[in-house]
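Quick notes on the structure that follows.
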Amino acid sequence: MKHPSAENSELAFETRAIHAAYAPHDHQGALNPPLHLSSTYAFESVEQGGGAFAGDNPHYIYSRLGTPTQSILEQRLASLESAEAALACASGMGAISSTLWSLVQPGDEIIADHTLYGCTFSFLEHGLKKFGIQVRYIDLQDLEQLASTISEKTAVVYGESPANPNMRLIDIAAVAEITAPHRARLVIDNTYCTPYLQRPLELGADLVVHSATKYLGGHGDLIAGFVAGDAETLETIRYYGLKDMTGAVISALDIHLILRGLKTLAVRMDRHCQNARAMAEFLDAHPKVKMVHYPGLASFPQYELANKQMHDTGGMLAFELHADRAGSARFVNNLQLILCAVSLGDCETLIQHPASMTHSTYTEEELAEHLISPNLLRLSAGLENSDDILADLSQALGKL
Ligand code: 4LM
């Protein structure tokens with residue numbers, strides 16, 4: 001009997017997250033794919049090796065280009081993101097930088113949304129700009145501004161939805177429609193949603209990038225990333241962006257941990273969403289809270305767009321207190337169960353202050369220009385019982 005992993009496109013998302021691209025019976029019944037701890041692969045002859053290098057035969061060559069276990073992970077990730085191909089990398093920044101190095105050359109422009117994760121902003125602003133790439137930051141919610149800014153010089157349109165940290169959404173299908181007639185490729189960072197909640201390629205994006213450090217790993221014990229899209233572009237990113245430009249190669253252990261994390265992604269995401277919604281509703285009703293940014297609240301300005309393009313409203317939220325920066329810091333310091341830490345998508349509920357932590361790569365002026373409030377706090381809902389999380393928020397708010 002053939003395990004259905006080989007013909008997996010008919011299976012549901014949750015099933016593919018567990019079975020896609022791997023048949024245990026082809027590997028002595030091992031439920032989990034064996035790890036290949038080999039940096040190099042032996043050829044039977046010079047001719048076979050030369051053929052592998054020339055791309056004439058599919059032999060593994062050297063682990064910077066991929067390993068058998070990595071191929072399973074990449075096929076599984078591609079299946080989940082509805083992509084032809086995927087490339088696993090050593091970090092989210094490794095995936096983003098390998099992708100962008102592959103798509104741009106001096107004289108090109110990147111149009112990026114106003115709000116980006118701090119190191120992505122820094123890579124564009126302090127990295128690529130040094131090499132003659134123009135970066136224009138616009139409000140990707142403003143479709144007229146995009147239509148009047150995009151030109152044949154634009155190599156990439158880049159955004160996150162929801163954006164880290166202020167939760168602004170991009171109407172991916174509408175942006176894709178404007179981008180499609182141009183040479184520009186639309187790249188969406190889907191870290192906050194995971195493919196369980198949102199699939200940008202199905203909405204018309206060309207490439208999707210991820211920090212797999214977050215929900216995909218899910219347990220705060222690895223750093224990894226991936227990019228997915230059409231097979232031809234992915235080949236360029238693997239054999240140029242990653243192989244030659246960044247060398248951001250994922251480790252064997254991290255491949256295993258992501259394959260393990262993917263098996264529980266769907267059930268974890270459901271709980272992350274439930275807990276985030278409980279926190280958002282609790283904070284929204286609290287007199288000491290000025291503003292809550294969560295796509296699942298009816299007061300969220302893009303509530304309808306969230307319902308249209310996301311299957312659920314996610315595990316992340318941001319909020320501001322009726323307090324200054326020092327007061328907001330005191331609130332965080334008074335939390336007991338909720339931990340003050342960057343990163344997101346872990347089992348533990350985490351809180352952080354973007355202006356001084358994840359987004360400290362922006363100057364004070366840049367924070368304002370890029371719509372990031374200096375007093376904003378960001379919460380990543382964990383998997384604890386929501387009563388315990390709400391009790392912790394409540395006691396710390398009580399001390400304000
Ligand atoms: C954080 N984020 O926000 P690696 N894309 C997005 C991200 O949030 C991140 C990356 C890429 C945080 C890290 C400290 C939307 C990271 C970069 O950290 O390189 O896997 O991903 O807390």
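What you see below is based on every heavy atom in this structure, not just the backbone, and it leaves out hydrogens, waters and symmetry mates. For reference, positions follow the sequence shown, starting with 1. For clarity, every value in this text was computed on a predicted model and none was experimentally measured.
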Nearest 0.5 Å, please: how far is CD1 in I258 from OG1 in T213? 7.5 Å
Can you see whether E44 engages H59 through a side-chain donor-acceptor pair at a distance of less than 3.5 angstrom? no
Single-linkage hydrophobic cluster Y192~V208, side-chain heavy atoms < 4.5 angstrom: no
For S251 and D254, what are the C-alpha separation, side-chain angles and deciding distance, and is it a side chain to side chain contact (heavy atoms under 4.5 Å, CB included)? CA-CA 5 Å; S251 78; D254 290 342; 3.3 Å; yes
Could you check H114 against E369 for side chain to side chain donor-acceptor pair (under 3.5 Å), going step by step and ending with a plain yes or no? CA-CA 8 Å; H114 272 312; E369 271 168 44; over 6 Å; no
Nearest heavy-atom neighbours spanning P165 and I372: CG-CG2, 3.9 Å
Got a donor-acceptor contact below 3.5 angstrom from the Q309 side chain to the I170 backbone? yes
Please determine if D244 and R238 form a salt bridge, counting it only when a charged side-chain N lies under 4.0 Å from a carboxylate O. no
Would you give the length of the straight line joining atom CG of L80 to atom CD of E14, rounded to the nearest 0.5 angstrom? 10.0 Å
Report yes if the side chains of F319 and I351 come closer than 4.5 Å at any heavy-atom pair, otherwise no. yes
Note: K263 and L31 closest approach over all heavy atoms is NZ-O, 4.4 Å
Ring centroids only, cut at 6.0 angstrom: are Y294 and F300 within range, meaning strictly under it? no
Taking S71 for the side chain and T67 for the main chain, is one N or O donor matched with an acceptor at less than 3.5 Å? yes
Answer yes if the side chains of R136 and T149 hold a donor-acceptor pair under 3.5 Å, and no otherwise. no
Side chains of D206 and L201, heavy atoms from C-beta outward: is any pair under 4.5 Å? no
Between the CG atom in D171 and the CG atom in L203, the distance rounded to the nearest 0.5 Å is 8.5 Å
Taking L321's backbone N and O only, do any of them form a donor-acceptor pair with K290's side chain (distance below 3.5 Å, no angle check)? no
For T15 and H19, which I'm curious about, is there any donor-acceptor pair between the side chains at under 3.5 Å? no
Please tell me whether F226 and V209 are part of a single hydrophobic cluster in this structure, the criterion being side-chain heavy atoms less than 4.5 Å apart. no
Side chain to side chain donor-acceptor pair (under 3.5 Å) between Q274 and S386, worked out: CA-CA 8 Å; Q274 263 175 34; S386 62; over 6 Å; no
Got a donor-acceptor contact below 3.5 angstrom from the R271 side chain to the L383 backbone? yes
For the residue pair R277 / T313, report whether a side-chain donor-acceptor contact shorter than 3.5 Å exists. yes
Quick one, Y137 with E125, criterion side chain to side chain donor-acceptor pair (under 3.5 Å). Give me CA distance, side-chain angles, the key distance, then yes/no. CA-CA 10 Å; Y137 302 96; E125 190 60 21; 2.7 Å; yes
Is the number of heavy atoms from other residues, nucleotides or ligands under 6.0 Å of Q28 CD greater than 12? no
Are a donor atom and an acceptor atom from the side chains of T191 and D189 found within less than 3.5 Å of each other? yes
Do I223 and S91 make a side-chain contact, defined as non-hydrogen atoms from C-beta onward lying under 4.5 Å apart? yes
What I want to find out is whether D346 reaches K214 closely enough, with some N-O distance under 4.0 Å, to be called a salt bridge. no
For H370 and F121, I'd like to know if the aromatic rings sit close, meaning centre-to-centre distance below 6.0 Å. yes
Should the pair E364-R325 be classified as a salt bridge under the 4.0 Å nitrogen-to-oxygen rule? yes
Are the side chain of E74 and the backbone N or O of A88 linked by a donor-acceptor pair below 3.5 Å? yes
Roughly how far apart are D284 CG and H293 NE2, rounded to 0.5 Å? 10.5 Å
Verify whether the ring centers belonging to Y62 and Y41 lie closer than 6.0 Å. no
Using distance alone, with no hydrogens and no angle criterion, decide if H353 and S356 have a side-chain donor and acceptor under 3.5 Å apart. yes
Under 3.5 Å, is there a donor-acceptor pair between the N333 and K399 side chains? no
Taking S151 for the side chain and K153 for the main chain, is one N or O donor matched with an acceptor at less than 3.5 Å? yes
Take T154 and R183 through the test side chain to side chain donor-acceptor pair (under 3.5 Å) and record every step on the way to the result. CA-CA 7 Å; T154 313; R183 79 171 250 253; over 6 Å; no
Kindly say whether I338 contributes a backbone atom to a donor-acceptor pair with the side chain of D392 at under 3.5 angstrom? yes
Within a strict 4.5 Å, meaning less than it, do heavy atoms of the T120 and Y117 side chains meet? yes
Is L350 reachable from L216 through a run of I, L, V, M, F, W or Y residues, each pair having side-chain heavy atoms under 4.5 Å apart? no
Do I96 and L222 share a hydrophobic cluster, counting only Ile, Leu, Val, Met, Phe, Trp and Tyr and linking them when any side-chain heavy atoms are less than 4.5 Å apart? no
Within a radius of less than 6.0 Å around CD of E320, do more than 12 heavy atoms belonging to other residues, nucleotides or ligands occur? yes
Would you please say whether a donor-acceptor pair under 3.5 Å links the side chains of Y22 and N32? no
Taking the side chain from S63 and the backbone from G66, do they hold a donor-acceptor pair closer than 3.5 Å? no
Is there a side-chain contact between H311 and R199, using heavy atoms and a 4.5 Å cut-off? yes
Over 12 foreign heavy atoms within 6.0 Å of CD, E304: no
Measure from the side-chain N and O atoms of E366 to the backbone N and O of T363, and report whether any donor-acceptor pair falls under 3.5 Å. yes
Just by distance, with hydrogens left out, do T115 and E160 show a side-chain donor and acceptor under 3.5 Å apart? no
Looking only at the side chains, is there a donor atom on one of Q198 and N190 sitting less than 3.5 Å from an acceptor on the other? yes
Donor-acceptor check, side chain of E81 to backbone of G229, threshold 3.5 angstrom: yes or no? no
Less than 6.0 angstrom separating the ring centers of H36 and Y60, yes or no? no
Please state whether the rings of H359 and Y362 are parallel, tilted or perpendicular, taking 30° and 60° as the class boundaries. parallel
Pairwise distance CE(M316) to OH(Y215) - rounded to 0.5 angstrom: 5.5 Å
Are L259 and R76 packed together at the side-chain level, in the sense that at least one heavy-atom pair is separated by less than 4.5 angstrom? yes
Decide side chain to side chain contact (heavy atoms under 4.5 Å, CB included) for E281 and L297; before the verdict, give the C-alpha distance in whole Å, the side-chain angles of both, and the deciding distance to 0.1 Å. CA-CA 7 Å; E281 286 171 358; L297 290 179; 3.9 Å; yes
